[in-house]
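Notes for the one structure printed next.
Just so it is clear: chains get the letters A, B, ... in the order the sequence lines come, proteins before strands, and each one is counted from 1. For clarity, every value in this text was computed on a predicted model and none was experimentally measured.
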Amino acid sequence: MRRAPTGQVHIGNLRAAIFNWLFTRHEGGEFLLRIEDTDRERSTPEAVQTVLSAMEWLGLTTDGETLYQSTRREAHLAAAEQLLKSGHAYKLDKGGTGKGEAVLFKMPGTDMAFRDLIKGDLHKAAENLQDFVIVRSDGNPVFHLANVVDDIYMGITHIIRGDDHVENTYRHVAMFQALGAPVPLYAHLPMIVNAQGKPYSKRDGAAFVGEFKENGYEADALFNYLALLGWSPGDDREVMSREELTAAFTLDRVQSRAAQFDFKKVRMDECGVPQKLPADVYRQRFKQKLEQAGLWSADFTEAYLNAVCELMRERVKNWSEVAPQAGYFFTEHYPFDEKAVHKRLAKEGVRELLDALRDAFAALPSFDATSTEAALRAVADVRGINAAELIHPLRVAATGLAGGPSLFHLLDVLGRDRVLERLGRPIPS
RNA sequence: GUCCCCAUCGUCUAGAGGCCUAGGACACCAGGUUUUCAUCCUGGUAACACCGGUUCGAAUCCGGUUGGGGACGCCA
């Protein structure tokens, strides 16, 4: 596993890491980590730590020492020297910025082919294979060189990486051959795309490991979901332990087409969020979502927010549900669900029932879950109707929704004034 | 522009010539259970991109078309 520490660990990198880990575990091989920190500007200690902690969080244990590529500079340069001597490379001033001579690797001049463990046989005609820089004119080795030299050094047998490296593979294969080293086996993973079929980015939701962690997702749930994205065991299993995944994982079952990452499928309840996230953290996250939806205002107290969270905690399965499911607690302009209105409110006699409830609630000495429920049942008894015939319209009128938390507790939290006002409104059409 | 890759329900996928009138899961819809909600149960809608070819037989093999994606740095 190789990782360039450039800030965050993207969902695609993460899946590649998981596949690598699963593959080595299945084959009984070693899972090694190499930090490609040759880019001084971007490779800060913090960035390296981000990679390391992401791996640790996911439980991607390594089997040997982590190799920092920056410590291998001399070996990279020595290899370039060797290639120069053997005639596989040459120096050239490509001009432009006037930096002087760079070292270029000379492609063999023949058609090339390799067998990808996922994509099958791939080949490329000689005229499409161009020579390329392996040492810059400032003396620094380029990624391609460093990569191949270190792969040889580490004894890498399998390279499982993203699709975007397919074209580089011809170059790397040629270098392994020129250096007289055995060519590793390659497997290129298809991309992860968003709902529009475009490459998944942070605009599409949580794209980085840290965000999942912060949002309370459990590592096992993310691990399971990602392992099953672009790969399947071949049977109907969907929820698998690491042991099961390891036992079943083979590269020939990896899908060769891009997979769409569906944020909603990584469900919070599977991650145990409502139960496991501390109440205050949950509340903060909840509030943050309200703010993003423009529903929060300083007029609401922490106690009120807390009461709402208590009601919603077991029901909000995904942070994207906060605004649609609990918005009515924070605005009087809550939207009405069309179907719910049609089914529960837009009916003969409902207007009159709501008025009766309103009067009953207004007359109560105290407004709490017990008293409102008793009052509602009394109204139902007097009219000889089922309580459900009052409960449903009341819920829709008060919240705009067909479902939600326990009705009477919800009314309690909303408070008498707002409930009475909502009940007095004209029925939306 | 050049080169390369990909194509099964909305989504993740099963499917390696007959077991496919294409299976599962999630989502969705409809009923049921639950005094309301959630949960749970039952049922349902829904896909082989298109056109040719090979074959007794094609989702599966071949060719083309269309659509999508990727790579074309002295970045990694």
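A:E238 comes within contact range of at least one nucleobase, with a heavy-atom separation under 4.0 Å. Using a 4.0 Å heavy-atom cutoff across all strands shown, A:G404 reaches at least one base atom of the nucleic acid. At a threshold of 4.0 angstrom between heavy atoms, the contacts of A:H188 with the nucleic acid are absent. A:P190 comes within 4.0 angstrom of no nucleic acid atom, judged by non-hydrogen atoms across all strands.
In a base pair of the Watson-Crick type (N1 to N3 plus N6-O4 or O6-N4) or a G-U wobble (N1-O2 and O6-N3), with each distance short of 3.5 Å, B:G18 is matched with B:C56. Under the Watson-Crick and G-U wobble criteria, each requiring two contacts below 3.5 Å, nucleotide B:A7 is paired to B:U66. Under the Watson-Crick or G-U wobble criterion, with both distances below 3.5 Å, B:C28 is paired with B:G44. Across all strands shown, B:U39 remains unpaired; no Watson-Crick or G-U wobble contact has both distances below 3.5 Å. With a cut-off of 3.5 Å on both Watson-Crick or G-U wobble distances, the partner of B:G73 is given as none.
A heavy atom closer than 4.0 Å to some atom of RNA chain B occurs in no member of residues 352-364 of chain A. Within residues 113-123 of chain A, the residues having any heavy atom closer than 4.0 Å to RNA chain B are, in order of number, A:K119, A:L122.
Nearest-nucleotide mapping onto RNA chain B: of A:V135 and A:Q196, the residue sitting toward the 5' end is A:Q196. Comparing A:A387 and A:R171 along RNA chain B, the residue whose closest nucleotide (by nearest heavy atom) sits nearer the 5' end is A:A387.
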Give each protein N/O atom lying under 3.5 Å from an N/O atom of nucleotides 14-21 of chain B, with the pair distance.
residue : atom : partner : partner atom : Å
B:A14   : OP1  : A:S232  : OG           : 3.2
B:A14   : OP2  : A:Q255  : OE1          : 3.0
B:G15   : OP1  : A:R253  : NH1          : 3.2
B:G15   : OP1  : A:R253  : NH2          : 3.3
B:G15   : OP2  : A:R253  : NH2          : 3.4

Every protein N/O lying under 3.5 Å from an N/O of nucleotides 44-49 of chain B:
none

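Side-chain N or O atoms of A:H26 include one that pairs as donor or acceptor with a backbone N or O of A:T246 at under 3.5 Å.
Dashed line: the shortest gap from a side-chain N or O of A:R136 to OP1 or OP2 of B:C75 is under 4.0 Å.
Distance from the side chain of A:E167 is smallest to B:G70 among B:U2, B:G70, B:A76. Nearest nucleotide to the side chain of A:S256, out of B:C6, B:C12, B:G70: B:C6. Which of B:C12, B:U36, B:C4 sits closest to the side chain of A:K124 comes down to B:C4.
Between the side chains of A:N168 and A:H165, at least one donor N or O lies within less than 3.5 Å of an accepting N or O. No side-chain N or O of A:N140 forms a donor-acceptor pair with one of A:H76 less than 3.5 Å apart.
The salt bridge (charged side-chain N to carboxylate O under 4.0 Å, His left out) check on A:R422 picks up A:E332, with sequence neighbours excluded. Taking the salt bridge (charged side-chain N to carboxylate O under 4.0 Å, His left out) definition, one finds that A:D355 meets it with A:R351, sequence neighbours left out.
Put simply, the side chain of A:R171 does not reach to within 4.5 Å of the side chain of A:F105, judged on heavy atoms.
A salt bridge links A:R425 and A:E421; the closest N-O separation between the charged side-chain nitrogens and carboxylate oxygens is under 4.0 Å.
Atom-to-atom distance recorded for A:F19:CZ and A:L251:CG is 9.0 Å, nearest 0.5 angstrom.
A cation-pi arrangement, defined by a distance under 6.0 Å to the six-membered ring centre and an angle within 45 degrees of its axis, is absent between A:R253 and A:F249.
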Test ring pair (Phe, Tyr, Trp, His ring centres under 6.0 Å) on A:Y225 and A:F261; report intermediate values, then the result.
CA-CA 9 Å; A:Y225 178 76; A:F261 182 82; 5.3 Å; yes
